[in-house]
Structures are given as structure tokens and as C-alpha cells.
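Single-structure report; data block below.
Sequence lines set the chain letters: A, B, ... in the order given, protein chains first and strands last, and positions in each chain run from 1.
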Amino acid sequence: MIGLVDCNNFYASCERVFKPHLKRKPIIVLSNNDGCVIARSNEAKALGIKMGEPAFKIKTLILKNKVSVFSTNFALYGDISHRVMEILKTEFNRVEIYSIDEAFLDFSISASIDRAVFIRNKIRQYTGIPVSIGIAPTKTLTKIANHIAKKYTEKGVFILNNEIKINKILNSYPIEDVWGIGRRYAHKLKQAGIKTALEFKNADTTWIRRNLSVDGIHIQMELKGKQYFNLKTHQSIKKSISTTRSFSKETNNYNIIKDAINTFASNCALKLRKENICCYKLTVFLMTNTYKTNTKQHYPKITLLFSTATNDSLEISNMANKALKIIYNNNCCYKKAGVIVHKTIPDKEVQISLFNEINRKKRRKLMYSVDSINMIMGKDKVRLASQGFDKEWQKKQEQLSPCYTTQIEDILTIQI
DNA sequence: TCTGGGGTCCTAGGACCC
DNA sequence: TCTGGGGTCCTAGGACCC
């Protein structure tokens, strides 16, 4: 049996841990540029605030209902997530961290409601975060069990452990809520008369293969109780890393875009170094405002290659600049840009190209020093001049909460 | 006025190899 | 009139996830 722990309304719950007076109050967390709603407390959901809704569209609703609004604070959420995962690791031999707020667990020993309740209480007590736990024979079924646990149980725990129970649940489970069935597939399935998870489980496999590719077959297998997705306990290296942002306003100013691209590039390099990997390829893209339907859309992008795989900020920024010069067109106003590095390998396996001209040993030392200083002094304290100084492209985060657990100056003060 | 960001996997088709 | 067979790698686009 596999278990799935899922933190309830994770970002909203993180904010609430440090603001207990917001208990039972509507809370929302906004995306990077205070743009869209990406997390809601149950009270906010009850007000009809939808996932992904642009914040400006619900301004009056927010004011009228005194909804507490927060900008994303990934330093805080990442740290709380880490704490939750560490607790799970003390309780289980095999834990797969699936996302910032979810983990699969090996429940092959003692798969019981009591054990799950114990885990749930422990996480609540140690971190303040409420979680739901679903237990079932396959990952796809644990997703369903978890959904039931969250929505319909008092204890926040649910187990799917026999065929009759499984079929009964699947029979009333909408196909679009099944893990791996998105909007497109759901539409296709409904047109074919498949509306529930049970109907999908019993559907013709050949038809599924033809219409949903092998992904569909895997989902069907899992619904039948046969494991296809195994527990992945050691994490494999990242295949791509990206940094992309929308700008505060559309611009065709080369220098502003250049500053942004260089910042994204060195951020990608930093992420590569943190993962101990290097990349062979770099993609730079620009985008016009996709919401403006009356203007011409332009989405240029280009991929360039390194002869030797690298995670060096200078090299990656230089390459990004080269790419930008090729795709930039001053007749367009760009709203968004990004840098993606891919084709990665572990840094220990890098082979030096015959035409290498850089003293890589020296560069690695330099990067190490820069990273060490920035770790202590704060992000980008030492940076490339090409990143610029004004950050004109950057948007505001007006509702940012303190980094209670990662910045010493932000730590809570308690009056006794 | 204001609309996020970061990932993975699969498939078809093209280019190439022997 | 007739024009092989067996592969790999890469890319773009599509679908999905959180």
C-alpha cells in the first residue's frame, strides 16, 4: 500500500501558522507579481474565489469580505515544506517528495487509519500545518483516497483497501478529477461517454491507447489496482531549469530587457550549481502580451549550445546575451521573457571540449566565493554588472509576509 | 491599469548512420 | 516496370502535474 500526504491549502496554511488570528478567516496567496490567486483557505474557496483568478478581478470581493491577501513567500513555504518532509522521513523508510506540499509514503507495513491519524497529528503539532492522508494500492488511487480524506472525513484520513470499496468510490468520481486526466482528455472522454473513473477503468484499452497514448493505459492500470508508478525514493537530476518572469509593463527597451535576461541567466546558473549539475544548452525567449488580442503577437526564441557543459554565471550570461541579440526586435513590445537551461549532466561528469579556452578550475572557485558571500549577505549582493541595478522590469510584491523561519531579523517576538 | 512560474513525459517527423 | 532494412538522435508541439 502507498500513502499520500498532502498539505491542505499549503501556502495559505503557511501564512496562517504565524498569524493565528486568521484562523477561520478567508486567506489568499497571490502569484509572483501579485497577479493571480494560487492558494486559498477553505473560507476563501467558500466565497467563490477560483484558482488562478487574476487578483484585479476580485478586488471588490476581497474588500467586502475582508480577505487577507499575501504575496508569495517561497522562502517561507520551502522551509515549512522541508520541515514537514523531515518529519515524514523519521516515520517512514521510504518517502518520495513529490511536490512542495505532497509526499508519497511506503505504507506496506501497518497501513491503518490509526497510523495515518498519528502521522497527521504529529505534523500538525510540530509545524502547525494541517494535512490529509490517503492510502491505497497505487499512486493514482491514493490521489483519490486523499481527495476523499480532505473533503469528506473528520479525521482527514481515508483508506481504499478493497475492490468493492474502490469501485463504489470510482463510480461517483468524475473522470476530470483523476490524476493525469486534464482538460483535453476529460473533454475527449466525455464525448466518448466516459464520465466517471469507474467507466474509464472498464473502458476498452485499445481505444484508450489510440486516444490518450500510453499515459492513458498507465492510468487505467493504476485504477485497476496494478502499480505502474513506483515510489521514487532517490531523486534523479533535473532535466531542465528555467527562470521566467512577466515584466511590470510592456517594453521594447533593449537595456531593460538585457538586464532582465542577464538576471535570469545568472539565476539559472545559480540553480544549476545548487543541484551540482551543468548544462549543454540554453534557450532564451521573449513574449509579447498574450492578453492583447488586437496587437500582433511575437514569440521569438532560440537555443544555443555550449561546447563544454557549464554552470558558470559569466559563461551562461554571455551566451544569453548572444541569444537575445539574435531574437530581439525593437518593433515589438515585450511583456515576458525567460531563460531555460537544459541537456544537463552531473558536474563531475563534464568533459572539457577540445576548444576550451576558460580556466575552469579558477572559475569554479570564483563562483563558489560569490555564492558563499551571497549566502551570508543576501541574494545578488555580488552580481554581474550586466544584470543592471534598477530592476525596472520587476514587479511589486506588496503583501509580502516576513521570512519567519529563514531570516533572523524576521523571527517572531512574543510578549509574555 | 492589473492576467504566475517551474517542471515532466509522449509522439511524430526529419535528419542522419550503416 | 522495378528502388532495402534497421536503427538513433533531435526537435516541436501537445498533454499533463504542482
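- OP1 or OP2 of B:dG4 lies within a sub-4.0 Å distance of a side-chain N or O belonging to A:Tyr291.
- The interatomic distance linking A:Arg210 (CZ) with B:dC10 (C1') rounds to 18 Å, in whole Å.
- With DNA chain B read from its 5' end, the first of the two nearest nucleotides for A:Ser213 and A:Tyr11 is the one closest to A:Tyr11.
- When heavy atoms are screened at a 4.0 angstrom cut-off, A:Lys238 is found touching the sugar-phosphate backbone but no base atom.
- Using a 4.0 Å heavy-atom cutoff across all strands shown, A:Lys249 reaches no nucleic acid atom at all.
- Within the 4.0 angstrom heavy-atom criterion, only backbone atoms of the sugar-phosphate kind lie near A:Ile181; the bases stay farther away.
- Across all strands shown, A:Lys343 has heavy atoms under 4.0 Å from sugar-phosphate atoms exclusively, and none from any base.
- Within the 6.0 Å centre-distance limit, the rings of A:Trp179 and A:Tyr98 are counted as a close aromatic pair.
- Distance A:Gln397 CD to B:dG4 P: 13 Å, rounded to the nearest Å.
- B:dC9 atom P lies 10 Å from atom OH of A:Tyr228, rounded to whole Å.
- Residue contacts shown for A:Lys335 are limited to sugar-phosphate atoms, with no base heavy atom under 4.0 Å away.
- Mapping A:Thr243 and A:Asp215 onto DNA chain B by nearest heavy atom places A:Thr243 closer to the 5' end of the strand.
- Whole-Å rounding puts the A:Glu250 CD to B:dT1 P distance at 12 Å.
- In this structure, CD1 on A:Ile358 lies 8.5 Å from CG on A:Leu314, to the nearest 0.5 angstrom.
- In this structure, A:Phe247 and A:Phe264 have parallel ring planes: the angle between them is below the 30° cut-off, well short of the 60° mark.
- Comparing the C1' positions of C:dG4 and B:dC17 gives a spacing of 15 Å, expressed to the nearest Å.
- A:Glu53 comes within 4.0 angstrom of nothing in the nucleic acid, heavy atoms only.
- Counting non-hydrogen atoms under 4.0 angstrom, A:Ile241 reaches the backbone sugars and phosphates but no base.
- A:Lys143 has a side-chain polar atom (N or O) that falls below the 4.0 Å cut-off from OP1 or OP2 of C:dC18.
- Contacts of A:Lys301 with the nucleic acid, taken as non-hydrogen atoms under 4.0 Å apart, are absent.
- For A:Tyr152 and A:Phe158, the gap between ring centers reaches or exceeds 6.0 Å.
- Just one of A:Thr310, A:Asp312, A:Val350 meets the side chain to side chain contact (heavy atoms under 4.5 Å, CB included) condition when paired with A:Arg360; it is A:Thr310.
- Contact annotation for A:Asp34: no contact, since no heavy-atom pair falls under 4.0 Å across all strands.
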